[in-house]
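Worksheet: the structure to be examined is printed underneath.
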2 protein chains.
Amino acid sequence: MAANRRPTLADVAREVGVSAKTVSRVLNEDGPASARTREQVLAAVARLGFQPNLMARNIRVGGPDTTIGLVVPDLGNPFFGAVAGSIEDRVRERGLTLLMGSSADDPDRERALTDKFLARRVSILMVVPSVGADHAHLRQHRAVGLPVVFVDRPGAGLATDCVVSSNREGARAGVTHLVGYGHRRIGFVGDLPTRLYTRRERLAGYREALRDAGLPDDRLLIASAHDQHDAGEATARLLALPDPPTALFAGNNIVALGVVAELARSGRKDVAVVAFDDVALAEALEPALTVVAQNPEEIGRTAATTALARLDGDRSRARTVTVPTRLIVRGSGEQRVSASA
Amino acid sequence: MAANRRPTLADVAREVGVSAKTVSRVLNEDGPASARTREQVLAAVARLGFQPNLMARNIRVGGPDTTIGLVVPDLGNPFFGAVAGSIEDRVRERGLTLLMGSSADDPDRERALTDKFLARRVSILMVVPSVGADHAHLRQHRAVGLPVVFVDRPGAGLATDCVVSSNREGARAGVTHLVGYGHRRIGFVGDLPTRLYTRRERLAGYREALRDAGLPDDRLLIASAHDQHDAGEATARLLALPDPPTALFAGNNIVALGVVAELARSGRKDVAVVAFDDVALAEALEPALTVVAQNPEEIGRTAATTALARLDGDRSRARTVTVPTRLIVRGSGEQRVSASA
DNA sequence: GTGAAAGCGCTAACAA
DNA sequence: TTGTTAGCGCTTTCAC
């Protein structure tokens with residue numbers, strides 16, 4: 001019960017009868033040390049259960065901490081989970097540890113998190129920027145050598161490295177797939193807010209595909225949803241239109257869940273669907289869900305690689321890397337337009 | 001380009017013409033400060049873009065760092081993502097930040113992560129323990145006041161708080177559901193390794209349900225898989241048995257994906273299924289997937305609440321909290337046994 | 001091969 | 001209301 005304090009370097013030194021510096025030397029394999037001393041020190045360390053205080057070390061050494069700060073909108077979203085896992089894989093070999101937080105797409109929460117990360121002197125800062133967040137304040141940190149990377153979306157007010165999916169091209173390919181099966185009225189169910197980069201890009205890709213096909217862009221066919229439930233309702237509303245869509249394009253993984261669930265609920269097998277971002281069990285649906293798959297592992301890896309290069313002194317211009325998406329045709333896009341139209 | 005050093009408290013103090021302590025006071029709203037001084041300090045802080053070094057502060061204050069270390073097997077698994085998000089939600093109000101890492105269920109990686117977290121003097125340590133990991137080394141830290149909580153599985157070699165799902169009861173309820181529809185040969189597809197706590201508990205629940213129903217426990221009906229792909233193959237093997245199961249129980253979310261995908265691939269609608277842990281789109285499958293849903297949010301919340309109570313001085317005995325599961329009947333468990341048997 | 005002293009950036013304790 | 005001194009746990013620097 002005695003809240004005994006943790007042993008320090010000095011405790012170990014005292015135990016062995018050497019100076020603190022000697023212990024430090026042994027532990028960091030810095031400078032020389034006699035075999036005998038080394039042995040004694042190591043024994044004492046084990047005996048006392050000494051664990052060096054990394055914060056104290058960092059303070060003295062002055063360099064950045066061996067952590068990497070990552071802000072995502074939602075830890076529970078599998079897409080961001082996959083990105084985070086990929087980042088971790090890539091930076092682990094460099095001894096970096098992940099400091100993570102979720103912003104809920106709230107600029108204030110994002111700012112609070114990045115401020116905390118900066119106060120901890122993270123080695124690298126990665127952010128999935130929230131709509132409305134400004135990142136001008138990060139400029140000074142970047143200037144002092146902190147790599148800042150935006151992930152999934154570009155940030156505002158700061159020119160720095162950025163890794164995104166090929167949202168526009170992907171959406172265009174997905175919608176073109178639907179057009180190819182004769183659909184002329186294709187609904188778009190996007191996420192919110194409408195100013196969200198991914199939403200805008202994917203909508204733009206949708207519109208490009210329509211234009212390519214000479215189809216009109218009917219605003220009535222464009223819906224939005226915050227979450228899976230809303231996406232289901234938006235789907236129902238679209239299908240209840242006087243002149244309803246015969247196909248739907250889902251703007252992200254969460255929306256896709258809602259769209260697919262609603263079609264299943266209402267037994268509408270006649271509506272073609274393509275979703276942006278892959279979802280679990282897509283291939284087990286009937287029909288199996290055709291998707292524009294993102295590559296979260298590659299996004300994470302690229303972001304990490306870019307940041308590490310900066311850490312190693314890469315001073316080249318900020319670049320935006322676009323990670324390709326891939327149309328995975330599984331069937332749901334192939335419902336032909338019925339004669340009713 | 002000049003890798004100028006970051007401003008320190010002393011820089012701010014010099015800029016204003018006061019002592020470092022005064023700046024410290026203003027920033028921490030410690031002690032008094034004249035309106036004028038406060039104003040000047042704040043202005044200088046903004047002008048220099050000063051951000052206090054949290055590590056230095058922590059070192060001096062001596063308490064634990066305002067971080068919480070969390071080790072999960074896989075950041076990309078939505079179950080652990082949901083747990084992590086829930087923990088973060090709960091501890092954010094206390095100003096704690098998440099330090100996260102994935103162990104890949106490897107005891108060495110787990111140990112490396114916990115050691116790093118301990119070296120950072122985390123306020124709380126939460127671990128989803130890997131099979132084969134020993135946690136005796138954590139005892140001394142717990143003794144010094146560090147709350148240690150095992151999540152999803154009990155740890156070995158250390159009696160401390162633990163939060164788990166009602167694995168056994170849940171599995172039993174799920175299998176009983178299948179028994180209720182006349183199934184006498186029910187396959188179990190579990191995860192690996194077989195020594196995994198959740199695997200063993202769920203298998204035990206499965207066996208209890210069989211025993212309750214007076215059904216034999218046929219070892220041939222028990223399969224294992226590491227990942228989704230393997231689970232699909234295991235499913236195929238089970239169904240290819242001379243006397244195959246008419247129903248399957250999937251032992252976790254990943255296995256469920258494989259089982260369901262394989263049944264879809266082979267067009268086997270006659271096989272009943274119940275899965276442990278909910279999966280996205282379960283309700284959109286045909287038939288919709290009946291699951292024993294876990295409650296990752298509640299698991300995370302409970303783990304966090306328990307740990308915070310310890311931080312606040314709760315010295316009561318270590319307790320294991322079991323978070324209830326819930327059978328969500330959606331249809332896939334209701335395929336009746338065909339006459340062929 | 002080892003140690004003493006100084007200092008990293010910050011705050012506790014005591015003055016003034 | 002403000003400043004001074006000392007020291008958190010560690011490493012750097014320089015001496016021996």
Side-chain angles (χ1 to χ4, degrees), chain A residues 3-42 44-45 48-66 116 118-122 141 144, chain B residues 3-42 44-45 48-66 116 118-123 141 144-145:
Chain A
N4 246 320
R5 119 201 124 59
R6 284 183 163 82
T8 73
L9 203 71
D11 295 326
V12 178
R14 203 171 311 118
E15 177 93 358
V16 182
V18 295
S19 78
K21 178 60 201 169
T22 299
V23 179
S24 169
R25 269 196 274 258
V26 171
L27 263 48
N28 296 309
E29 297 181 344
D30 185 28
S34 78
R36 183 172 149 62
T37 307
R38 138 177 269 90
E39 216 171 278
Q40 287 183 308
V41 166
L42 260 24
V45 163
L48 299 180
F50 169 73
Q51 210 137 12
N53 186 325
L54 225 67
M55 292 190 292
R57 172 172 220 287
N58 263 311
I59 264 287
R60 179 65 249 228
V61 174
D65 189 17
T66 57
K116 267 200 181 155
L118 293 169
R120 290 184 176 286
R121 304 295 188 259
V122 291
H141 296 97
V144 178
Chain B
N4 247 319
R5 127 198 118 59
R6 284 183 163 82
T8 73
L9 204 68
D11 294 327
V12 178
R14 201 171 314 115
E15 177 93 357
V16 182
V18 296
S19 78
K21 179 62 197 171
T22 300
V23 178
S24 169
R25 270 197 272 257
V26 170
L27 261 50
N28 296 307
E29 298 183 342
D30 185 28
S34 77
R36 183 171 150 63
T37 307
R38 141 177 266 91
E39 216 170 277
Q40 287 182 309
V41 166
L42 259 25
V45 163
L48 298 181
F50 168 74
Q51 210 136 14
N53 186 326
L54 251 165
M55 293 189 293
R57 173 174 219 285
N58 263 310
I59 266 285
R60 178 64 252 232
V61 173
D65 190 17
T66 56
K116 267 200 181 153
L118 292 170
R120 291 183 176 284
R121 304 296 189 259
V122 291
S123 287
H141 295 97
V144 178

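Residue numbering restarts at 1 for every chain, and letters A, B, ... go by the order of the sequence lines.
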Tell me: CD of B:E39 to C1' of D:dT2, nearest whole Å?
18 Å
B:L48 CG to C:dG9 P, straight-line distance once rounded to whole Å
14 Å
Apply side-chain contact (heavy atoms from CB on, under 4.5 Å) to residues A:R120 and B:D65 and explain how you reach the verdict.
CA-CA 10 Å; A:R120 290 184 176 286; B:D65 190 17; 2.8 Å; yes
B:T37 side chain N/O closer than 4.0 Å to the phosphate oxygens (OP1, OP2) of D:dT2?
yes
Checking side-chain contact (heavy atoms from CB on, under 4.5 Å) for the pair B:T37/B:V18: CA distance, chi angles, key distance, verdict?
CA-CA 8 Å; B:T37 307; B:V18 296; 4.2 Å; yes
Within this structure, what is the CZ-to-P distance between A:R120 and C:dC10, rounded to whole angstrom?
14 Å
Hey, is the side chain of A:T22 poking within less than 4.0 Å of OP1 or OP2 on C:dG3, counting only N and O atoms?
yes
So, A:T66 versus A:R57: side-chain donor-acceptor pair below 3.5 Å or not?
no
Assign a letter to each nucleotide of nucleotides 7-16 of chain D from its 5' end: B, base within under 4.0 Å of a protein heavy atom; S, sugar-phosphate only; -, no contact.
BBBBBB----
Start with the C-alpha gap between B:E15 and B:Q40, add the side-chain angles, then the distance that decides, and say whether side-chain contact (heavy atoms from CB on, under 4.5 Å) holds.
CA-CA 9 Å; B:E15 177 93 357; B:Q40 287 182 309; over 6 Å; no
Residue pair A:L9, A:V12: steps toward the side-chain contact (heavy atoms from CB on, under 4.5 Å) verdict
CA-CA 5 Å; A:L9 203 71; A:V12 178; 5.6 Å; no
Heavy-atom side-chain proximity of A:R38 to A:R25 below 4.5 angstrom
no
